[in-house]
A.B. asks: 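Submitted below is the structure of interest, expressed as structure tokens.
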Amino acid sequence: MSSLAVPQTEPVAGSTPGTAQGRRPLRRRIALIPTVTLLLGALYCLLPVAWVVIAATKSGRELFSTFTFLPGTGFAGNIRDLNAYRDGVYWQWMGNSALYAGLGALLSTCVSAISGYALAIYRFRGRETLFNVLLAGVLMPPVILAVPQYLLLAKADLTDSYLSVLLPQILFPYGVYLARIYAAAAVPADVIEAGRMDGASEWRIFTRIALPMMIPGMVTVFLFQFVAIWNNFLLPYIMLSDDEKFPITLGLFTLLEQGANTPALYTLVITGALLAVLPLVALFLVIQRFWSLDLLSGAVKS
């Protein structure tokens with residue numbers, strides 16, 4: 001007897017479960033989940049920013065009478081009113097924030113670089129214990145330290161001064177942690193030993209050899225600390241009573257409190273908040289470019 005061959009039909013792509021063709025659409029749908037999640041997160045973060053940008057263009061009357069995301073016609077007037085408010089005290093607040101954040105971040109970066117380098121390169125008794133204490137400082141909420149810092153500075157008669165805001169910001173535990181990790185990875189021990197054999201002092205080795213290798217990491221520390229000090233509210237709120245020394249965060253808060261009795265000040269608060277964000281955006285764009293160039297040049301040199 002001759003057996004009849006049964007013709008085999010090709011399965012339709014996606015119709016047969018368990019086949020590679022059937023699994024591809026499922027994989028594509030699963031791959032879209034991170035993208036959709038990121039888009040939702042971006043929308044959640046950018047929606048308040050869009051509201052501030054649009055609300056800053058509205059006059060006091062338009063702010064409470066027009067659609068939320070409909071641009072207004074009062075941006076130029078808001079800027080003029082903000083400049084005229086108390087003879088331009090807003091720009092003094094901006095200058096104070098620039099002083100606190102710029103000088104504080106610079107000093108904090110220097111302290112972090114020296115401390116992180118010492119913890120990464122030198123071997124001494126108690127090094128790991130000291131590092132663990134610093135890690136505990138990273139986990140410590142700033143609100144817990146605010147009152148003890150106030151009491152210490154009050155004993156030194158430094159409250160209501162620029163130093164009362166600057167001094168507590170100099171030691172940045174997270175910056176020390178980052179500096180140690182980056183120094184251990186970016187500064188080879190052979191280079192340090194070669195410098196010692198050539199007769200260079202430890203300070204010269206740090207400033208001329210190790211520090212240039214650590215610059216990309218220190219730029220990151222500077223950016224983190226600058227943003228943290230610029231946005232800090234609690235410490236100046238506790239330390240300062242003279243409003244001419246207020247940073248921009250505390251100054252806008254006082255404007256917002258006065259807006260409860262004078263609704264016209266709400267437009268000044270919104271416009272001031274928009275202008276206060278612009279230095280952070282500009283700094284991030286400039287430092288990001290500098291940071292990328294440093295990383296690229298370091299990769300080429302290595």
Side-chain angles (χ1 to χ4, degrees), residues 29 31-98 100-102 141-143 146 223-238 240 243-289:
R29 286 194 292 268
L32 287 176
I33 294 177
T35 303
V36 173
T37 304
L38 289 175
L39 289 175
L40 292 175
L43 181 64
Y44 176 78
C45 295
L46 294 177
L47 193 61
V49 178
W51 182 88
V52 170
V53 172
I54 295 173
T57 64
K58 299 182 179 183
S59 63
R61 180 180 57 83
E62 294 173 336
L63 183 63
F64 298 101
S65 61
T66 60
F67 178 65
T68 302
F69 291 100
L70 182 65
T73 59
F75 183 70
N78 293 338
I79 295 293
R80 287 193 300 269
D81 293 341
L82 191 62
N83 288 332
Y85 178 75
R86 289 184 54 190
D87 297 326
V89 70
Y90 173 82
W91 301 110
Q92 185 171 356
W93 294 338
M94 287 280 281
N96 292 337
S97 288
Y100 295 139
V143 65
L223 179 61
F224 283 173
Q225 186 67 338
F226 186 96
V227 174
I229 298 175
W230 185 277
N231 294 329
N232 193 5
F233 170 79
L234 180 62
L235 184 65
Y237 181 75
I238 293 176
L240 301 176
D243 61 351
E244 293 186 355
K245 298 174 184 175
F246 284 178
I248 191 63
T249 51
L250 193 53
L252 290 177
F253 174 74
T254 58
L255 271 180
L256 185 62
E257 282 190 324
Q258 296 173 21
N261 299 322
T262 311
L265 293 179
Y266 282 135
T267 57
L268 300 187
V269 175
I270 296 171
T271 306
L274 175 63
L275 296 179
V277 174
L278 297 182
L280 295 181
V281 175
L283 177 69
F284 179 78
L285 293 177
V286 172
I287 284 188
Q288 185 185 37
R289 179 176 178 273

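Fair warning: this is a prediction, and the values are worked out from it, not measured in the lab.
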A.B. asks: Taking all non-hydrogen atoms of both residues, which atom of Pro279 and which atom of Met94 are closest, and how far apart?
C.D. replies: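 Minimum heavy-atom contact is CG-CE, 3.9 Å.
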A.B. asks: List the atom of Ala55, the atom of Leu63, and the distance in Å for their closest heavy-atom pair.
C.D. replies: CB-CD1, 4.0 Å
A.B. asks: If you apply the rule side-chain contact (heavy atoms from CB on, under 4.5 Å), what do you find for Leu280 with Val227, and how did you get there?
C.D. replies: CA-CA 7 Å; Leu280 295 181; Val227 174; 4.3 Å; yes
A.B. asks: Run the side-chain contact (heavy atoms from CB on, under 4.5 Å) test against Ile238 and tell me which residues pass, sequence neighbours left out.
C.D. replies: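 Per chain and number, Ile238 pairs via side-chain contact (heavy atoms from CB on, under 4.5 Å) with Ala146, Tyr150, Leu234.
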A.B. asks: Out of curiosity, Leu235 CG to Leu250 CG, how far, rounded to the nearest 0.5 Å?
C.D. replies: 10.5 Å
A.B. asks: How long is the span from the CH2 atom in Trp91 to the OH atom in Tyr85, to the nearest 0.5 Å?
C.D. replies: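 Answer for the CH2-OH pair, Trp91 versus Tyr85, is 15.0 Å.
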A.B. asks: With rounding to the nearest 0.5 angstrom, report the CG to CD1 distance, Leu275 to Ile270.
C.D. replies: 12.0 Å
A.B. asks: Which distance, rounded to the nearest 0.5 Å, do you find between the CG of Leu268 and the CG of Leu256?
C.D. replies: 11.5 Å
A.B. asks: With a 4.5 Å limit on heavy-atom distance, are the side chains of Ile248 and Trp230 in contact?
C.D. replies: yes
A.B. asks: Evaluate the side-chain proximity of Thr73 to Thr57: yes if any heavy-atom separation is below 4.5 Å, no if none is.
C.D. replies: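 With C-beta onward as the side chain, the pair stays apart.
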A.B. asks: Taking all non-hydrogen atoms of both residues, which atom of Phe75 and which atom of Ala56 are closest, and how far apart?
C.D. replies: CD1-O, 3.3 Å
A.B. asks: Could you tell me whether the side chain of Phe64 reaches within less than 4.5 Å of the side chain of Tyr266, counting heavy atoms only?
C.D. replies: yes
A.B. asks: Would you sort out whether Val53 and Phe69 count as a side-chain contact (heavy atoms from CB on, under 4.5 Å), showing the intermediate values?
C.D. replies: CA-CA 9 Å; Val53 172; Phe69 291 100; over 6 Å; no
A.B. asks: Could you state the interatomic distance from CH2 (Trp51) to CG (Leu274), rounded to the nearest 0.5 Å?
C.D. replies: 11.0 Å
A.B. asks: Is Asn232 reaching over with its side chain to a backbone N or O of Ala228, donor-acceptor style, under 3.5 angstrom?
C.D. replies: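 No, Asn232 side chain to Ala228 backbone: no donor-acceptor pair under 3.5 Å.
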A.B. asks: Begin with the C-alpha distance, continue with both residues' side-chain angles, and end with the deciding distance and a verdict on side-chain contact (heavy atoms from CB on, under 4.5 Å) for Thr254 and Asp243.
C.D. replies: CA-CA 9 Å; Thr254 58; Asp243 61 351; 5.9 Å; no
A.B. asks: Glu62 and Gly74: which non-hydrogen atoms are nearest, and at how many Å?
C.D. replies: OE1-N, 3.9 Å
A.B. asks: Sub-3.5 Å donor-acceptor pair from the side chain of Thr267 to the main-chain atoms of Gly60, do we have one?
C.D. replies: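 No: the side chain of Thr267 does not pair with the backbone of Gly60.
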A.B. asks: Of all heavy-atom pairs between Leu240 and Pro247, which one has the smallest distance, and what is that distance?
C.D. replies: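 Looks like CD1-CD, 4.0 Å.
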A.B. asks: CD1 of Ile229 to OH of Tyr100: how many Å apart, nearest 0.5 Å?
C.D. replies: 11.5 Å
A.B. asks: Of the non-hydrogen atoms in Asn96 and Glu244, which two are nearest, and what is the gap between them?
C.D. replies: ND2-O, 2.8 Å
A.B. asks: If the plane angle is over 60° it's perpendicular, under 30° parallel, otherwise tilted; pick one for Tyr90 and Trp93.
C.D. replies: perpendicular
